[in-house]
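Residue numbers begin at 1 in each chain, while the letters A, B, ... track the order of the sequences. Please read these numbers as outputs of a predicted model, since none were measured by experiment.
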There are 2 protein chains.
Amino acid sequence: MTVESVPTAPRMKAADRRELILEAATAVFGAKTYVGTTTDEVARAAGVSQPYVVRLFGTKEKLFIEVIDRAYDRMIDVFRAALPGAPEAVGDRMGTAYTELLVERGMLPVVANSTALGGEPQIGRVARAGFSRIWRFLRDEAGFTPEQAREFIATGMLINTIVGLRLTGDYGDEVSATEVLDACFPDAVEKVRTLLPAAGEPW
Amino acid sequence: MTVESVPTAPRMKAADRRELILEAATAVFGAKTYVGTTTDEVARAAGVSQPYVVRLFGTKEKLFIEVIDRAYDRMIDVFRAALPGAPEAVGDRMGTAYTELLVERGMLPVVANSTALGGEPQIGRVARAGFSRIWRFLRDEAGFTPEQAREFIATGMLINTIVGLRLTGDYGDEVSATEVLDACFPDAVEKVRTLLPAAGEPW
DNA sequence: AACTGTAGTAATCGACTGATAACATGTCAA
DNA sequence: TTGACATGTTATCAGTCGATTACTACAGTT
């Protein structure tokens, strides 16, 4: 009768474990910001020990860089998937694709957070590069004019703000939340509302 | 011949000292985010000792709450000052007022940062309240329609992003920065460029 | 079956940070 | 003048966090 050890995580190939940790890290970084997140929290969320996270990624900063790079990748993927169809409705389809990213934990907040860290030498480089990739995609692949691209991104940033503020709970006294949401999500209010956490909730 | 002591800050009424610290704190919080700044950095920037900062404000969190509350106040002030004049150009004047806030260190980044902290119980409340005040000002005092208010705020968030990313330096290889800036600041590119720090600069 | 590289953990360290306590000095009313 | 309050500091602590080291165990190859 061999005693189950089981303190250690089930064995897995390093590449798979990395992907698993990246996914967990996206959620945690998204919920608590880069500086506000500990490598231990990421490790727990991924079901491994804290030193192992550090060993797989070198430093917390490098881990975060991989996280945001991956998030920009994912974002462009879903945008590209929304390209086929009536050309005049590309913007709408891509907007919908953006809001649907809300279900992928941390994806949007992590990108939003990265845009506030342009002053960090390493992270800033990756964040600018990610933003640049989005911009060029909109111009080159989606065929947006500069003005259309500006408008699209501005709306995305506004959505990030609504999400970050947790403006989707019941704060009738604080904000005319319904009006804000109606104005910001013309026809996706209900969906967005159900996808978002309220204030204080762990996301 | 009395020996100058001078290790201590020149005496000042507590109310004035608070205001001085709040100003310094806005700059530091704006440059390094809430979690990323230490009370000691704020104290140094204000020229006082670290324990005195926490004694005057109780906790770091309470200090930050006063900072963002003050920032939303200030923002509404400059918006209100831009109201008088041709009604059809109110939006332009307020947009200009917003970009001119860039010279007041930390004012814009701090507000941007606050919108990412809606999940924090205390800070989130104040951030939502600040956002709400802006929204109501736009609707009630500036006479914006919901759609106009949405558009105005979205543009502001985009500006915050540009600023946060430090997209104003020379990153010709990373981004068609000029095109982005042209699209985002139709007629204020040069002014904005001179007001913003480059990546790595301390702001 | 033994060897070797890979996957993973426990223990721990040094640096940092927010907060507290105790103390010092300046100001002002009576 | 004196005493009482307000302004401000030094010293220090207890907790936290990222990173390092040293170790264990599993898996595949020959």
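- Listed by first and then second residue, the side chain to side chain donor-acceptor pair (under 3.5 Å) pairs involving residues 46-55 of chain A are A:Thr39-A:Gln50 (not counting sequence neighbours).
- Distance B:Asp40 CG to C:dA15 P: 17 Å, rounded to the nearest Å.
- Atom CZ of A:Arg44 is separated from atom C1' of D:dG18 by 15 Å (rounded to the nearest Å).
- If you measure from atom CD of A:Gln50 to atom P of C:dG8, you get 15 Å, rounded to the nearest angstrom.
- In terms of heavy-atom proximity, B:Val111 sits nearest to B:Ala71 at CG2-CB, 3.8 Å.
- Looking at heavy-atom distances under 4.0 Å, A:Ser49 makes contact with a base.
- Ion pairing between a basic and an acidic side chain is recognised when a charged N comes within 4.0 Å of a carboxylate O; B:Glu141 and B:Arg136 show no such pairing.
- The nearest whole Å value for the distance from the CD atom in B:Glu41 to the P atom in C:dC16 is 11 Å.
- Counting to the nearest Å, the P atom of D:dC17 and the CD atom of A:Glu61 are 18 Å from each other.
- Counting distance only, with no hydrogens placed and no angle test, the side-chain atoms of B:Arg11 and the base atoms of D:dA6 include a donor-acceptor pair under 3.5 Å.
- Judged by the 6.0 Å distance and 45° axis criteria, B:Lys60 is not positioned over the aromatic ring of B:Phe29.
- Side chain of B:Lys60, nearest nucleotide from C:dA19, D:dA19, D:dT9: C:dA19.
- Distance CZ (A:Arg55) to C1' (C:dA10): 13 Å, rounded to an integer number of Å.
- Residue B:Thr39 places at least one side-chain N or O under 4.0 Å from the OP1 or OP2 atom of C:dG18.
- The pair B:Arg133-B:Asp69 meets the salt-bridge criterion, since a charged nitrogen lies less than 4.0 angstrom from a carboxylate oxygen.
- Classification of B:Arg105 and B:Glu23 as a salt-bridged pair fails, no side-chain N sitting under 4.0 Å from a carboxylate O.
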Do any side-chain atoms of residues 155-164 of chain A form donor-acceptor pairs under 3.5 angstrom with protein atoms, and if so which ones, sequence neighbours left out?
residue, atom, partner, partner atom, Å
A:Thr155, OG1, A:Glu151, O, 3.0
A:Thr155, OG1, B:Arg150, NH1, 3.4
A:Asn160, OD1, A:Tyr98, OH, 2.7
A:Asn160, ND2, A:Tyr98, OH, 3.2
A:Thr161, OG1, A:Met157, O, 3.0

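- Residues from residues 14-21 of chain A placing a heavy atom under 4.0 Å of any atom in DNA chain C, listed by number, are A:Ala14, A:Arg17.
- Atom CG in B:Leu56 sits about 9 Å away from atom C1' in D:dT7, given to the nearest Å.
- Regarding B:Tyr52, its OH atom lies at a distance of 18 Å from the P atom of C:dA21, rounded to whole Å.
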